[in-house]
Structures are given as structure tokens and as C-alpha cells.
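As a basis for the values below, the full set of heavy atoms in this structure was taken, side chains included, without hydrogen atoms, waters or symmetry mates. Every number for a ligand or one of its atoms is a count from 1 in the order of the listing. In this chain, numbering begins with 1 at the start of the sequence shown.
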Amino acid sequence: MVKCKELLSENLTRGAGGELLLAGVSVPDMARKYGTPLYLYDEDRIRERCRSFKAAMKESFGEEALVLYASKAASFKRIYEIMSEENMGIDVVSSGEIYTAQRAGFDLSRAFFHSNNKTDADIEYAIESKIGYFVVDNAEELYAIDRIAGERGVIQRLLLRLTPGIDPHTFAAVATGKVDSKFGSAIETGQAEEITLTALSLSNVELCGFHCHVGSMVFEADVFLEAARVMLGFANEMRLSHGFTAKIIDIGGGFGVRYTEDQPQLDIEKCIKEIAEISHGVCRELDFPMPVIAIEPGRSIVADAALTVYTVGTVKRIPGYKSYVSVDGGMTDNPRFALYKSPYTIIPAERDLGEDVFVTSIVGRCCESGDILQENQIMPRDIARGELIACLTTGAYNYSMASNYNRIPRPPVVMLSGGTDRLAIRRETPKDVAALDV
Ligand SMILES: *Cc1c(COP(=O)(O)O)cnc(C)c1O
């Protein structure tokens, strides 16, 4: 008999009839009310994650420590409202994210604008929106910000994104801190020092500190400790050589999340404590005034707050080869297996797995062989058209990466809080999908 899969996070349980519950609410009931595919979020879980990050940072780094939600993980109005209510800072990466945060009433003085290629239009829009900080990727962009800020009579605050030359031991497409990365200016090549001097020489910008982000799905605390050490070391060099003292050091996000039962659970509180010990130690040793420390968790705030519910369609068994269970969504609502072979756990939503099971691929409805949600999933042998299944841990980089490939309308987002459900994004219709055709 194949081992029964556990439910991965504590907001998931089974009801008396074996139905899956998220935050105590019946997943099949929600599927019947809103249709499938459906993104279902446990809003209280998101708030709890924000609070525990903030509490841990405050304890280790004091009142002014910054927790910035990297909003590309899940970016829509309701999320920014939650971040505003939870008094979080945010990272944004485009005019679209800035606009959405604005619509949610988010105070943009607590927003940090990232991206490796901000257009002049982006820069103008962000400055006009009174964004708190730019995180500047390269010198070209720095000159553009200085020019545009100058035209508007603004002194724009900023951090410089540096590449500390750290290998985060993660998937190549999400490793961003190595010297040859497309992001940031490398410390090793001298470009980091060069851009620091440039920033100090310009009159319409105010350099406040340095940023790095080594990658995503990092499970080893050592990676963050090394990032803190390298960044503080660089800040100290800039102080000694050029008399510039960084006020903010941002060590990025990337805290790993558990998608399958064989992945580890990163103890984030312990990790933050260790980062603090190293940082305080390095500052003492170098006699460097402790800067404000910022972190930018994205995935770890929202991933396990959500699941996606699908209805099974065709079940295809190819004797001697493999089996396919097709669902009414796919790479259009979750492209991560297609992009990165990312692991997920998919389980029945209306009943327990039971003992009579088989191994199958779960695939989407797109005209594309690569449209696979996950391989090697264990499903009840008699699974058939019409049954509901759920893909767990889809709160991050699912809705935000969703597309209309094959002109498939995107699913709605429903938020659960205190046992009640509320629509955050309505379901798209074929008319929505064609709405921009002129
Ligand atoms: C994507 C990103 C993050 C968040 O990464 P997660 O893996 O979602 O925590 C943080 N900082 C920057 C600069 C990023 O690009």
C-alpha cells in the first residue's frame, strides 16, 4: 500500500465525510459556490505569517526593522489591503503593481520599487506616486532616476542592488545572487563600488543603503548569514573608503516553503535570530553603526495560505505506460511545473485518498504536451470525471503568473476569513479575454 499523503500545513484538515477543509471551510462547498478552477486563500494565515515575520524581526533588530512583502508572489488589490492593515512594507516591480497597491490605499512611502529594467515611464509613474524607495539595479537606471527626479524637483531615496556572489543552492532560474546574474551590480567586479560612487555624486537622489536577494526556495540559513556578512562588509568598506554610511541593509527574501512532504520546514524565527546574531557581531567587530535591516519574504507569506481546486475531466490510462488525470485548469493557472518542474502535492478534495490508489500525472487542458501540473501523484483508482481535486500550496506565483494561453479565462480568487468567504477577484469570462481586441 502506498503511504497516505499528509496535509502539509495546519490550516488543512478533513471533515467527517473526508472532505477537505481549508481554515475550517469545506473546499467542495466553495467549489460548488464559485465553480472551478478556483484559487482559495486563507486570509488569516497570511496575516499570521506577516505578524510572525514582524515579531521576529522586531525582537532581533528592534522597532525600525523592515518586513517588505515581495508582492510579485501574489499581487491583487485585496492582498495590498491586508498588507496595509498589517502595517507591512512592500516590494513592487512594475507600474501595474504600483497602480494596484494605490487602488488598495496602500501608503507607497513604504514601497520599494525593484526590477532590472525600469522604463522611463515606470520611473516617472513611481516618482509621481511618491514611492518610498527605488532599488536601483544598474548605473543606466540610476542616471535616469536622477534625471527624472531632477525634472520634478524631487530628491528620490534609493538602495542599490548588489550581487554578493553567493550561490543559494537552489534551482538556476531562481538563483539571483551570483556574480553573473542579470540582477544588480557585482561586488567582486568593482561595479558595486563604482555605482555607489555614482549615486553619491548625483544631486537628485539620496543613497540610503544596499540591497541583495540571493535567490528563492532557500532552505539553508547559512545563505542568509553569508549575505548579511558580505553586505555589512561592503557597507563598511564604503564607509572607510568614501565616508558613506549605509542606513538600510536589505538582505532580500527567498525563504523556502514546503510543497511536498519530503521537503524540509524552514524555521524562519530561528533563521532570523541567526541572521541577527551574525549582523550584530559583524557590526561590533567592524565598529559599524547597526543599520536598519530589511527582509523581503514573498512566497513564505502567501504560499501555504492557498490551494487550487479543480474538477477532473478525462482520465486516460495507457496500458503498460502511464496514466493521465486531466483537470479544467493547468499551466494557465499554475505554470510552475512547466517552467521549473516545481513540485506540488495534489490530493482528492471530496474524500480521503483511501487504500485503492494508482500513480498518475495530473495534466491541464491546454494544447501543449508540457501542460502538466504534476507527475507521480497518488489518486484513488476509481477517480472519474466530475470529482474535485486540490493542488496545495498555490498561494505564491500561481495567480500572479497565470495567463490566458488558449484564451482560457483565469479563475477567481476567494478569500476565507473567520469562517466566511469573500470574492477578491471574479472569474474571467471569454468576453473579458477578448475585451482588448479592437
Ligand atoms: C522575488 C523576490 C523576492 C521574494 O522571493 P520569495 O522567494 O518569494 O521570498 C524578494 N526580493 C526580490 C528582489 C525578489 O525579486
Polar atom proximity, Gly254 to ligand 1 (N or O, under 3.5 Å)
yes
Under the salt bridge (charged side-chain N to carboxylate O under 4.0 Å, His left out) rule, what pairs show up with a residue in residues 109-125, not counting sequence neighbours?
Lys118-Glu141, Asp120-Arg147
Quick one: look at Asp91 and ligand 1, take heavy-atom pairs under 4.0 Å, and tell me if it's side chain, backbone, both or neither.
side chain
When you look for heavy atoms under 4.0 Å from ligand 1, do you find them on the side chain of Ala70, its backbone, both, or neither?
side chain
Parallel, tilted or perpendicular: which describes the rings of Phe112 and Tyr133, with under 30° parallel and over 60° perpendicular?
parallel
If the plane angle is over 60° it's perpendicular, under 30° parallel, otherwise tilted; pick one for Phe134 and Phe113.
tilted
Is it the side chain, the backbone, both or neither of Phe183 that has a heavy atom closer than 4.0 Å to ligand 1?
neither
Heteroatom proximity flag, Gly298 to ligand 1, N/O under 3.5 Å
yes
Checking Ser400 against Ser75: is there a side-chain donor and acceptor pair closer than 3.5 Å?
no
Intermediate values then yes/no, salt bridge (Lys or Arg N to Asp or Glu O under 4.0 Å), Arg152 and Glu128:
CA-CA 9 Å; Arg152 283 162 179 72; Glu128 274 157 20; 2.8 Å; yes
Heavy atoms from other residues, nucleotides or ligands near NZ of Lys273 exceed 12 (cutoff 6.0 Å)
no
Residue part near ligand 1, for His213, under 4.0 Å between non-hydrogen atoms
side chain
Tell me, yes or no, whether the heavy-atom count around Arg78 atom CZ, taken from other residues, nucleotides or ligands under 6.0 Å, exceeds 12.
yes
Using distance only, find each side-chain donor-acceptor pair of residues 277-294 under 3.5 Å and give its atom names and separation, not counting sequence neighbours.
residue: Ser279; atom: OG; partner: Ile275; partner atom: O; Å: 2.7
residue: His280; atom: NE2; partner: Ser60; partner atom: O; Å: 3.0

For His114, which part has a heavy atom under 4.0 Å from ligand 1: side chain, backbone, both, or neither?
side chain
For atom 15 (O) of ligand 1, closest protein heavy-atom neighbour:
Lys72 NZ, 2.7 Å
Go through ligand 1 atom by atom and flag the ones less than 4.0 Å from a non-hydrogen atom of Tyr397.
1 (C), 4 (C), 5 (O), 6 (P), 8 (O)
Taking distance alone, with no angle check, do His211 and ligand 1 share an N/O pair under 3.5 Å?
no
Which heavy atom of the protein is the closest neighbour of atom 10 (C) of ligand 1, given with residue, atom name and distance?
Glu296 O, 3.2 Å
Numbered in order shown, the ligand 1 atoms found under 4.0 Å of a heavy atom of Arg161 are 13 (C)
Which of the atoms of ligand 1 are close to Ser216, meaning less than 4.0 Å from one of its heavy atoms?
5 (O), 6 (P), 7 (O)
Considering the options Glu97, Lys72, Glu296, which one meets the side-chain hydrogen bond (donor to acceptor under 3.5 Å, both in side chains) requirement together with His114?
Glu296
